[in-house]
There are 4 protein chains.
Amino acid sequence: MSATEDSPPDWRDFSGDPLSPLLRSATQTFVARGYHGTTTRMLAAAAGMSVPGLYHHFASKQALIVAIMDAAMIELRERSLGALTEAGDDAGAQLDLHIECLALFHAHRRELALLASTELRSLDPTERDHHIAARDAQERMLVDILQRGVDQGVFTVDDARQLARALATMSTGISQWYSPAGPLTPADIAASYIAYARRLTS
Amino acid sequence: MSATEDSPPDWRDFSGDPLSPLLRSATQTFVARGYHGTTTRMLAAAAGMSVPGLYHHFASKQALIVAIMDAAMIELRERSLGALTEAGDDAGAQLDLHIECLALFHAHRRELALLASTELRSLDPTERDHHIAARDAQERMLVDILQRGVDQGVFTVDDARQLARALATMSTGISQWYSPAGPLTPADIAASYIAYARRLTS
Amino acid sequence: MSATEDSPPDWRDFSGDPLSPLLRSATQTFVARGYHGTTTRMLAAAAGMSVPGLYHHFASKQALIVAIMDAAMIELRERSLGALTEAGDDAGAQLDLHIECLALFHAHRRELALLASTELRSLDPTERDHHIAARDAQERMLVDILQRGVDQGVFTVDDARQLARALATMSTGISQWYSPAGPLTPADIAASYIAYARRLTS
Amino acid sequence: MSATEDSPPDWRDFSGDPLSPLLRSATQTFVARGYHGTTTRMLAAAAGMSVPGLYHHFASKQALIVAIMDAAMIELRERSLGALTEAGDDAGAQLDLHIECLALFHAHRRELALLASTELRSLDPTERDHHIAARDAQERMLVDILQRGVDQGVFTVDDARQLARALATMSTGISQWYSPAGPLTPADIAASYIAYARRLTS
DNA sequence: TATGAATGAGCGTTCATTCAT
DNA sequence: TATGAATGAACGCTCATTCAT
């Protein structure tokens with residue numbers, strides 16, 4: 001995601017991939033068949049390894065999905081914070097860049113995002129709680145931006161909470177239908193969704 | 001859903017339940033744990049029956065989820081057609097009632113809708129193809145309404161297909177967060193979403 | 001072991017078998033290969049069942065060996081108490097009957113006794129503690145008898161504790177070499193061991 | 001066991017250890033968990049080596065236990081022969097020293113002796129046959145001594161074979177309960193057991 | 001010599017499903 | 001109609017062992 005771990009990564013740059021080949025293939029299989037519908041033999045075959053080879057890298061099937069979901073959570077959080085920082089204090093700019101960030105992420109990281117929302121239920125209780133908290137914090141960012149815009153007098157919004165949910169599910173929905181083979185680029189989609197967000201707040 | 005099977009049901013009336021008690025409890029379990037994460041023992045226990053008792057009513061675990069997904073598909077289709085009929089020829093009215101219909105369905109039939117979108121992958125190939133086609137047809141209704149509004153000159157829309165997907169995922173997203181214990185009624189939500197749709201088409 | 005559960009069983013009567021056929025065959029296999037060297041497939045094959053058939057009767061391989069070891073412990077305890085009751089207050093009679101009881105048990109219940117001593121280490125911690133306590137209580141019976149004989153002035157014994165261990169291991173050793181195909185009956189062996197015990201206490 | 005390999009070792013001297021550190025730690029682990037309950041990882045960890053390091057010294061887990069059991073068998077045989085040689089022709093002296101030898105060995109070589117008796121079943125068939133033959137030869141030594149004493153008219157024994165088994169299991173039993181932390185030294189125990197043997201043969 | 005990484009085979013256990021009763 | 005008992009197949013995982021380095 002960036003040249004060095006220390007330098008702040010560009011939240012618009014998706015040229016890298018935060019997942020190792022094993023986690024990448026596991027993500028695809030988990031998305032296609034679900035956590036419980038995926039066997040360790042499938043995961044091994046998809047990664048071109050033997051089953052014990054899998055266990056050499058991860059302690060369990062659960063550890064695999066936890067690693068994937070951690071990666072998803074961390075990447076989205078860091079990108080969102082990057083967008084917020086770039087936006088400065090203006091709520092309008094914050095909304096634009098936040099929506100751009102969500103749209104880019106859910107298009108570029110289609111499978112990762114799908115998995116993160118679908119398989120929360122397959123996590124062990126402790127991990128599940130952790131990820132639910134992270135998801136809630138992520139969703140609060142958008143509520144806060146909307147509320148800030150209302151306070152600043154730049155947004156016309158009835159119920160910030162409700163609109164935040166509409167905008168959020170609209171954006172996460174991208175990963176349900178986006179295909180890199182389609183006519184739209186992630187940037188195209190982001191531009192449209194920014195326009196939607198502006199209409200819904202004015 | 002209606003007093004008799006023949007009379008046209010009211011698409012706003014959710015007082016009935018299209019699912020038998022067995023299918024209703026199965027839906028809850030499938031939503032909570034996923035198709036592959038649910039065992040027939042869980043389904044039997046949730047329904048208060050023995051495992052062979054389950055097989056008396058349904059030929060297999062697969063037949064159970066197919067029945068549930070068929071019910072979801074049929075109910076949404078019939079309600080959508082009911083809304084369209086009531087709306088008449090005006091694209092603006094069609095959009096309002098279609099969005100109202102989607103919002104009401106995804107709030108009132110929260111679990112059914114969640115299952116229908118999440119567990120498509122768990123269906124046997126033939127059934128999956130059938131339901132994917134039905135889902136696509138369902139989504140096309142909204143595209144057609146938007147296009148009709150553009151053609152009638154009452155909507156200002158750049159890309160009808162893209163906006164349809166945004167409106168659709170926004171609406172289906174309701175079933176991801178709606179709770180009957182929350183402050184909003186399904187009708188409240190529908191009203192908000194109609195307003196969102198209007199803003200996005202003007 | 002007795003006609004009815006309530007009537008006190010005869011501690012010399014080994015015509016019955018406290019183990020079900022499944023537990024009996026499992027005992028043989030565990031003795032022959034050890035707990036960890038025995039697979040559930042072996043146990044199922046030895047019992048003429050399928051593997052899930054095994055799990056229909058017992059929750060786990062561990063539950064099987066626990067049931068066997070419980071049966072061994074309970075049977076030896078009840079027989080020992082029966083012998084003690086029959087002996088009355090005389091320490092000489094108590095020693096005779098206790099040794100007879102140990103000899104008969106370790107000959108008649110050869111495999112059960114072997115298993116109970118060898119596989120203590122294979123029990124889960126809680127069960128292990130329970131059985132170690134029971135074994136210690138069993139061994140204390142002999143120490144107490146010897147001490148009583150010393151107190152009554154009928155035994156000439158240097159160190160009751162040490163002699164008790166010698167007599168006990170000598171007796172449990174029977175199950176290491178006894179074979180029903182050999183020339184000696186359990187009663188023959190018991191008679192000899194009573195004589196040994198008398199010599200060692202006079 | 002002795003300063004040089006050629007000089008006859010003192011059968012009462014247990015200051016040395018016939019086992020290499022690796023075999024010693026393996027013996028402890030095998031005793032604690034059984035052959036099949038012990039993994040090569042446990043063996044390596046107990047010896048402070050890596051698993052392949054283990055295989056550098058021994059071709060297999062089986063080779064390890066065979067080496068241990070060979071050492072046990074050889075040591076007991078050599079010590080027994082040493083005791084017999086020292087005893088000369090008198091059956092009474094032979095019995096005393098043989099019992100002393102057994103007692104010392106089963107106290108000093110507690111774990112080795114336990115392993116040798118418990119894990120015969122875990123040996124490959126060829127090795128098992130070999131060790132069973134060695135064990136039988138070892139046991140015959142005691143039978144022969146008793147018979148010699150009867151023939152010489154110095155022992156009063158009904159059934160030499162049976163008494164030999166009682167004396168043998170009594171002695172091997174020492175390794176089941178002896179602890180160096182306890183109040184008795186191996187020499188104490190040996191003295192007691194010699195006294196027991198005398199009582200049982202007079 | 002020593003080891004991190006790998007694997008075929010098999011472990012204890014559970015699955016969806018069936019059938020005698 | 002309902003179920004206690006059963007099972008072939010497959011589950012997640014670990015085993016003893018190997019080999020490139």
Side-chain angles (χ1 to χ4, degrees), chain A residues 22 26 33-45 47-65 122 124, chain B residues 22 33 35-45 47-65 122 124, chain C residues 22 26 33 35-45 47-65 122 124, chain D residues 22 26 33 35-45 47-65 122 124:
Chain A
L22 166 54
R33 336 219 14 156
Y35 179 73
H36 289 293
T38 300
T39 72
T40 53
R41 281 155 185 82
M42 289 175 191
L43 293 170
M49 334 172 96
S50 64
V51 172
L54 216 69
Y55 281 85
H56 184 73
H57 298 288
F58 289 89
S60 64
K61 184 178 150 184
Q62 175 75 202
L64 258 167
I65 204 177
S122 305
D124 287 345
Chain B
L22 166 54
R33 340 221 7 161
Y35 178 72
H36 289 292
T38 300
T39 71
T40 53
R41 269 157 194 74
M42 290 175 193
L43 294 170
M49 338 174 91
S50 67
V51 172
L54 217 69
Y55 281 86
H56 178 71
H57 298 289
F58 289 89
S60 65
K61 185 179 150 185
Q62 177 73 204
L64 256 167
I65 203 176
S122 304
D124 287 345
Chain C
L22 166 53
R33 339 223 6 162
Y35 179 72
H36 290 294
T38 300
T39 71
T40 52
R41 280 153 187 84
M42 289 175 192
L43 293 170
M49 340 173 92
S50 65
V51 171
L54 217 68
Y55 280 86
H56 184 73
H57 298 288
F58 289 88
S60 64
K61 184 178 149 183
Q62 175 75 204
L64 258 167
I65 203 177
S122 305
D124 286 345
Chain D
L22 166 54
R33 339 217 11 155
Y35 178 73
H36 290 293
T38 300
T39 71
T40 53
R41 271 157 193 73
M42 290 175 192
L43 294 171
M49 337 173 93
S50 67
V51 172
L54 217 69
Y55 281 86
H56 177 71
H57 298 288
F58 289 89
S60 65
K61 184 179 151 185
Q62 176 73 203
L64 256 166
I65 203 176
S122 304
D124 287 346

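Lettering of chains follows the sequences in order, A, B, ..., and the numbering in each one begins at 1.
For the pair C:Leu64 and C:Leu54, the minimum side-chain heavy-atom distance is below 4.5 Å.
Heavy atoms of B:Thr40 sit under 4.0 angstrom from at least one base atom.
The NZ atom of D:Lys61 sits 16 Å away from the P atom of F:dT14 (whole-angstrom rounding). Remark: C1' of F:dA10 and CZ of A:Arg33 are 13 Å apart, rounded to the nearest angstrom. D:Arg41 has its CZ atom 16 Å from the P atom of F:dC13, to the nearest Å.
Using a 4.0 Å cutoff on non-hydrogen atoms, the parts of residues 47-58 of chain C near DNA chain E are C:Val51, C:Pro52, C:Tyr55, ordered by number.
With sequence neighbours left out, D:His57 forms a side-chain contact (heavy atoms from CB on, under 4.5 Å) with D:Leu22, D:Met49. Shown here are the ring-ring contact (aromatic ring centres under 6.0 Å, His included) partners of B:Tyr35, two or more places apart in sequence or in another chain: B:Phe30. Residues that satisfy the side chain to side chain donor-acceptor pair (under 3.5 Å) test with A:Ser122, not counting sequence neighbours, are A:Glu119.
Stem list for DNA chain F (at least 3 consecutive Watson-Crick or G-U pairs, distances under 3.5 Å): E:2-21 with F:2-21.
Rounding to the nearest 0.5 Å gives a distance of 7.5 Å between NZ of A:Lys61 and OG1 of A:Thr39. Between D:Arg41 atom CZ and D:Ser50 atom OG the span is 11.0 Å, to the nearest 0.5 Å.
Nearest-nucleotide mapping onto DNA chain F: of A:Thr38 and D:Thr39, the residue sitting toward the 5' end is A:Thr38.
Running 5' to 3' along DNA chain E, contacts with non-hydrogen atoms of chain B at under 4.0 Å begin and end at E:dC15 to E:dC19.
Closest approach of D:Arg33 and C:His36 over heavy atoms only: O-CD2, 3.8 Å.
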